[in-house]
Amino acid sequence: MSESECLKDLHLSVYQEGKHVDLLRKIVIFKDLSPKSLQVIEKRIQTFTFKKGTRIISEDEIARGVYFVRLGAVKLTKQDENGNEIIVCVKQKGDVFAEAGLFTQKTAKYPATATMLQDGEILFLDKLELERDLYNEPELAMQMIRYMSDSLREMTSQLRDVALLDVYAKTVKTLERLGEKFNTDRGRWDIEIPLTVQEFATVVGTTRESVSRVFSKLKKEGLIDLKSRKIVILDWCGLCTLLHRDY
């Protein structure tokens, strides 16, 4: 389902006006905003519920807004000319996506395709309205800049790992990074990452076979398990110490 179809489907969207400040506080960009700035956002926010596997936006669509993950998880993907898909990143509760469409030409398209990895709830802000608010609300603009700066730093680290580390180290580092993202209860065991081995391999930037070999080693050590199209970290502390050993 495309973005335009979602926005027209009254069964999916519920306009949230003048309420649910607590809901907005759970979004990284909004959590430290003053009540005044929150009221500005509150008047414009829309909430959508999506099932796992639903496509929210496509990289061939004109960018109309910015999205915030309220519940669930979203994968952002790119395709090459042959239709091969790679996962650029995974967005979890509190994260923002499609923000790269801000302050671009009216015909600019989304930078990636976004698809639900889990059933969830997505908040939407119209691009033009948000741009006006960023001009008029310096506090909100600074929060957006900080978030985009942090995202760029994370992406740079990811690219460094893909380019410089071997498959074993890349796999472990990616598990650490995604484990941190999905470790919402701050637990040490049974952290579920909603990706298949093939999907995980595209995040790492290697083949499924290479990742499978590393996973087999990690399973034997009791650090991870694979079940029901998920990767489960069984021992978070043990995983985080792996790269400090000789391997």
Side-chain angles (χ1 to χ4, degrees), residues 1 26 28 48-57 67-79 83-97 112-122 154-155 157-158 161-162 165-245 247:
M1 180 180 291
K26 296 184 184 300
V28 173
F48 296 86
T49 55
F50 294 105
K51 293 292 186 181
K52 177 182 176 180
T54 303
R55 178 174 293 183
I56 305 166
I57 57 174
Y67 295 80
F68 308 84
V69 183
R70 167 71 179 99
L71 292 171
V74 176
K75 66 175 180 179
L76 298 184
T77 60
K78 298 281 289 182
Q79 278 192 343
N84 299 312
E85 180 184 274
I86 63 166
I87 297 178
V88 179
C89 61
V90 175
K91 297 293 185 178
Q92 172 63 302
K93 181 170 67 174
D95 286 338
V96 182
F97 62 95
T113 295
T115 307
M116 296 299 294
L117 280 172
Q118 302 169 323
D119 293 353
E121 190 174 286
I122 304 296
E154 181 181 352
M155 184 66 69
S157 297
Q158 229 175 300
D161 293 346
V162 169
L165 299 180
D166 61 31
V167 173
Y168 180 91
K170 282 193 289 190
T171 300
V172 172
K173 290 278 284 186
T174 303
L175 279 172
E176 284 184 15
R177 188 176 67 253
L178 292 177
E180 180 71 26
K181 186 177 284 288
F182 285 95
N183 190 10
T184 53
D185 297 326
R186 315 317 299 171
R188 296 182 180 180
W189 298 278
D190 294 339
I191 302 168
E192 295 187 348
I193 301 172
L195 295 174
T196 65
V197 176
Q198 178 61 59
E199 289 173 327
F200 185 90
T202 70
V203 178
V204 175
T206 188
T207 64
R208 185 186 189 281
E209 292 73 22
S210 296
V211 167
S212 293
R213 285 193 288 272
V214 179
F215 278 180
S216 294
K217 177 178 174 61
L218 299 180
K219 284 181 68 177
K220 288 178 182 177
E221 295 181 9
L223 298 176
I224 70 166
D225 194 10
L226 304 174
K227 57 183 180 182
S228 187
R229 298 177 63 84
K230 293 178 181 178
I231 302 161
V232 183
I233 297 175
L234 301 176
D235 183 352
W236 173 251
C237 293
L239 181 72
C240 291
T241 62
L242 278 180
L243 296 184
H244 298 288
R245 308 175 191 171
Y247 62 87

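Rounding to the nearest 0.5 Å places SG of Cys89 at 7.0 Å from CD of Gln158. Taking NZ of Lys219 as the reference point, atom CD1 of Ile231 lies at 11.0 Å (rounded to 0.5 Å). Here CG of Leu117 is found 9.5 Å from CG of Leu76. Values are rounded to the nearest 0.5 Å. Separating the CD atom in Glu85 from the OG1 atom in Thr77 is a distance of 4.0 Å, to the nearest 0.5 Å. In this structure, Leu242 CG and Cys237 SG are separated by 11.5 Å, a value rounded to the nearest 0.5 Å.
With sequence neighbours excluded, no residue satisfies side-chain hydrogen bond (donor to acceptor under 3.5 Å, both in side chains) with Gln79. Residues meeting the side-chain contact (heavy atoms from CB on, under 4.5 Å) test with Lys181, sequence neighbours left out: Gln92, Asp95, Glu154. Partners of Thr207 according to the side-chain contact (heavy atoms from CB on, under 4.5 Å) rule, which considers only residues two or more places apart in sequence or in another chain, are Glu209, Ser210. Contacts of Glu176 classified as salt bridge (Lys or Arg N to Asp or Glu O under 4.0 Å), with partners at least two apart in sequence or in another chain: none. Remark: Lys78 pairs with Glu59 by the side-chain hydrogen bond (donor to acceptor under 3.5 Å, both in side chains) rule, at least two apart or across chains. In terms of the salt bridge (Lys or Arg N to Asp or Glu O under 4.0 Å) criterion, residue partners of Arg70 (sequence neighbours excluded) are, by chain and number, Glu121. Among residues two or more places apart in sequence or in another chain, the side-chain contact (heavy atoms from CB on, under 4.5 Å) test is passed with Leu234 by Asp190, Asp225, Val232. Every residue meeting the side-chain contact (heavy atoms from CB on, under 4.5 Å) condition with Lys51, not counting sequence neighbours, appears here in chain and number order: Thr54, Asp119.
Using a 4.5 Å heavy-atom threshold, the side chains of Trp236 and Glu180 count as touching. Contact check for Asn183 versus Ile233: no side-chain heavy atoms found under the 4.5 Å cut-off. At least one side-chain heavy atom of Val167 sits less than 4.5 Å from a side-chain heavy atom of Val214. Side-chain contact between Tyr168 and Leu243 is present, with heavy atoms from C-beta onward closer than 4.5 Å.
Heavy atoms only, all atoms of each residue included: Met155 and Val88 are closest at CE-CG1, 3.8 Å. Minimum heavy-atom separation, Val204 to Lys170: CG1-CB, 3.7 Å. Across all their heavy atoms, Ile122 and Ile56 have their closest contact at CG1-CD1, 4.1 Å. The two residues Ala114 and Val74 have their closest heavy-atom pair at CB-CG1, 3.8 Å.
Crowding of Lys91 atom NZ: a count of heavy atoms from other residues, nucleotides or ligands under 6.0 Å exceeding 12.
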Review item, side-chain donor-acceptor pairs of residues 191-202, under 3.5 Å, at least two apart:
| unit_1 | atom_1 | unit_2 | atom_2 | d |
| --- | --- | --- | --- | --- |
| Glu192 | OE1 | Lys230 | NZ | 3.0 |
| Thr196 | OG1 | Glu199 | N | 3.1 |
| Thr196 | OG1 | Glu199 | OE1 | 3.4 |
| Glu199 | OE1 | Thr196 | N | 2.9 |
| Glu199 | OE2 | Lys75 | NZ | 3.0 |
| Thr202 | OG1 | Ile87 | N | 3.2 |
| Thr202 | OG1 | Glu199 | O | 2.7 |

